[in-house]
Amino acid sequence: MEIKIAQVGTGFMGKTHSIAYRVLSTFVPAGVKVKLQVLADVTEELARDGARKFGYENWVVGWEKIFDHDIDAVDIVTPNDVHPAIAIEAARRGKHVICEKPLAINVAKTREMVEAVEKAGVVNMVCFNYRQIPAVVMAKKLIDEGAIGKLYHFRAQYLQDWCVDPESPFVWRFQASRAGSGSLGDIGSHAIDYARYLVGEFDEVVALTETFVKERPLPGARDVHPVDVDDAVNMLIRFKNGAIGCLEASRFCYGRKNYLTFEVNGSQGSLYFDWEHCNDLFFYSARDREDRQGYRDIKIGPMHPHAEALWPIPGINMAYVETAILQAKEFVTAIVEGRQAVPSFRDGLQVASIMEAVLQSAATGSWTKVPLVV
Ligand SMILES: NC(=O)c1ccc[n+]([C@@H]2O[C@H](COP(=O)([O-])OP(=O)(O)OC[C@H]3O[C@@H](n4cnc5c(N)ncnc54)[C@H](O)[C@@H]3O)[C@@H](O)[C@H]2O)c1
């Protein structure tokens with residue numbers, strides 16, 4: 001069986017997803033072949049050079065033209081405002097869809113995407129790739145087994161530093177009409193996904209956002225452009241199951257490059273994870289004998305969920321590309337098996353609902369209920 005992929009976008013994620021597809025036949029069920037059929041971008045140079053570098057058979061200028069080719073699935077790796085039109089048209093034509101996060105710039109647009117893929121009955125997946133990491137799946141397994149007991153606290157941070165310099169140029173990520181939000185949707189959405197995945201649905205939030213640099217220079221021009229998204233967001237969370245949480249996302253933290261962490265504390269223990277050391281999961285069990293209590297460092301290897309597909313012993317280690325491989329593996333395997341992929345567009349919609357409540361809370365300064373929309 002052959003799965004023919006059309007990809008839209010040739011930037012950072014375009015490169016990452018393409019690398020994953022190129023090796024995917026090694027990771028999917030025997031006999032399944034993944035073909036990089038066609039690549040689209042906005043200029044001939046981007047599309048042609050991307051196709052040559054990434055290994056696509058064909059390239060087109062303008063995403064609408066991907067449908068002139070024989071394709072099974074569409075991978076969307078464009079800025080956020082472009083996602084809905086592509087996803088909805090792909091679904092209408094019966095193509096399976098994988099789309100980067102956040103799915104759209106608001107809940108209304110995200111809901112249109114969910115309705116389109118569900119009406120068409122196509123496999124759909126949102127790219128919360130950081131939840132594919134074996135250490136994170138292992139944390140979920142331990143929580144589900146009751147290893148840390150009743151959940152009390154969740155805390156997460158996603159911190160970067162690429163925006164601190166006010167001369168860092170204006171790009172789509174600083175524009176609400178293109179990105180939806182700033183640090184919240186760009187990086188905070190991954191931490192919110194962790195919160196839902198590991199702890200459960202949100203009941204309410206109270207949040208604070210700040211935009212430290214209000215305008216930025218346009219690339220190659222003397223003009224500046226206003227920034228209308230959050231540079232940083234801090235929130236408190238009340239979960240439906242009684243646990244409480246705090247979550248912070250900022251692109252203004254010098255020294256933090258891609259610092260994504262969580263800690264979960266329960267009645268019987270704790271779990272701690274740090275993406276920059278993603279081959280380790282730290283587990284504290286209050287059931288250990290008192291004279292040997294302390295965080296133990298679980299070295300991730302083939303005995304852990306999702307990692308069995310990768311390397312033969314712990315310590316070989318995995319990193320960013322493996323998250324893309326595991327994500328693409330889930331998407332393509334779901335197509336082959338005729339089941340829904342996880343996380344789906346519905347997960348993306350609930351994260352959008354949380355983010356909208358966060359922005360509303362930041363605007364009003366009050367606790368805000370999170371509508372359950374899935
Ligand atoms: N999951 C992750 O770890 C992760 C990391 C970075 C970005 N992202 C997400 O991936 C998406 C893309 O981000 P990126 O960093 O690759 O951005 P990017 O700016 O590097 O690349 C975007 C690409 O889309 C192309 N593009 C723009 N408009 C288009 C259109 N109308 N038709 C076709 N192509 C178009 C651009 O020319 C460019 O090649 C965003 O949704 C972002 O939030 C996810």
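Each ligand, and each atom within it, is numbered from 1 in the order the structure gives. Note that these values count all heavy atoms, side chains included, but never hydrogens, waters or copies made by symmetry.
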Review item, side-chain donor-acceptor pairs of residues 57-71, under 3.5 Å, at least two apart:
residue, atom, partner, partner atom, Å
N58, ND2, Q37, O, 2.9
K65, NZ, V61, O, 3.0

Margin query: I want to know if ligand 1 touches E100 in the polar sense, i.e. an N/O pair below 3.5 angstrom.
Written below: yes
Note: heavy atom closest to atom 40 (C) of ligand 1, options D186, N80, T323, D81, belongs to N80
heavy-atom search around atom 25 (C) of ligand 1 in the protein gives D41 OD1, 3.3 Å
Contacts of R346 meeting salt bridge (charged side-chain N to carboxylate O under 4.0 Å, His left out) (sequence neighbours excluded), chain-then-number -> E118
Hey, would you say the W367 and F202 ring centroids sit under 6.0 Å apart?
-> no
min-distance protein heavy atom vs atom 27 (C) of ligand 1 -> P79 CD, 3.3 Å
Ranked by distance from atom 42 (C) of ligand 1, the top protein heavy atom is K101 O, 3.6 Å
The protein heavy atom nearest to atom 11 (C) of ligand 1 is T78 O, 3.3 Å
A student checking ligand 1 against C127 at a 4.0 Å heavy-atom cut-off should list atoms 1 (N)
The closest protein heavy-atom partner of atom 30 (C) of ligand 1 is V42 CG1, 3.4 Å
Worksheet entry | Polar side chain donor-acceptor pair, N258 to Q160, under 3.5 angstrom | yes
- prompt: Are any of the heavy atoms in R173 under 4.0 Å away from ligand 1?
  reply: yes
All heavy atoms of V8 vs all of T78, minimum pair found to be O-CG2, 3.4 Å
**Prompt:** Taking the six-membered ring where the residue is Trp, are the ring centres of Y130 and W275 under 6.0 Å apart?
**Reply:** yes
For V77, the atoms of ligand 1 under 4.0 Å from one of its heavy atoms are 12 (C), 22 (C), 23 (C), 24 (O)
for atom 1 (N) of ligand 1, nearest protein heavy atom and its distance come out as N129 OD1, 2.8 Å
Here the atoms of ligand 1 under 4.0 Å from any heavy atom belonging to T10 are 23 (C), 39 (O)
Ligand 1 contacted by W172 (non-hydrogen, < 4.0 Å): yes
**Prompt:** Taking NZ, NE, NH1 and NH2 as the nitrogens, is one of them in R238 or E204 under 4.0 Å from a carboxylate oxygen of the other?
**Reply:** yes
Find out whether the Lys NZ or Arg CZ of R155 is both under 6.0 angstrom from the six-membered ring centre of F262 and within 45° of the ring's axis. no
Discussion item. Does either side chain, that of S270 or that of E263, offer a donor lying less than 3.5 Å from an acceptor on the other one?
Written reply: no
Residue, atom and distance of the protein heavy atom nearest atom 3 (O) of ligand 1 read Y320 OH, 2.8 Å
Q) With a 4.0 Å cut-off, would you call D144 and K140 a salt bridge? A) yes
Near H83 (heavy-atom distance under 4.0 Å), the atoms of ligand 1 are 41 (O)
If we ignore angles and hydrogens, is there a donor and acceptor under 3.5 Å between the side chains of Y320 and T16? no
shortest atom 33 (C) of ligand 1-to-protein heavy-atom contact is with V8 CG1, 3.4 Å
With heavy atoms and a 4.0 Å threshold, my read on which part of L46 contacts ligand 1 is side chain
- Query: Hey, does V82 come in under 3.5 Å of ligand 1, counting only N/O atoms on both sides?
  - Reply: no
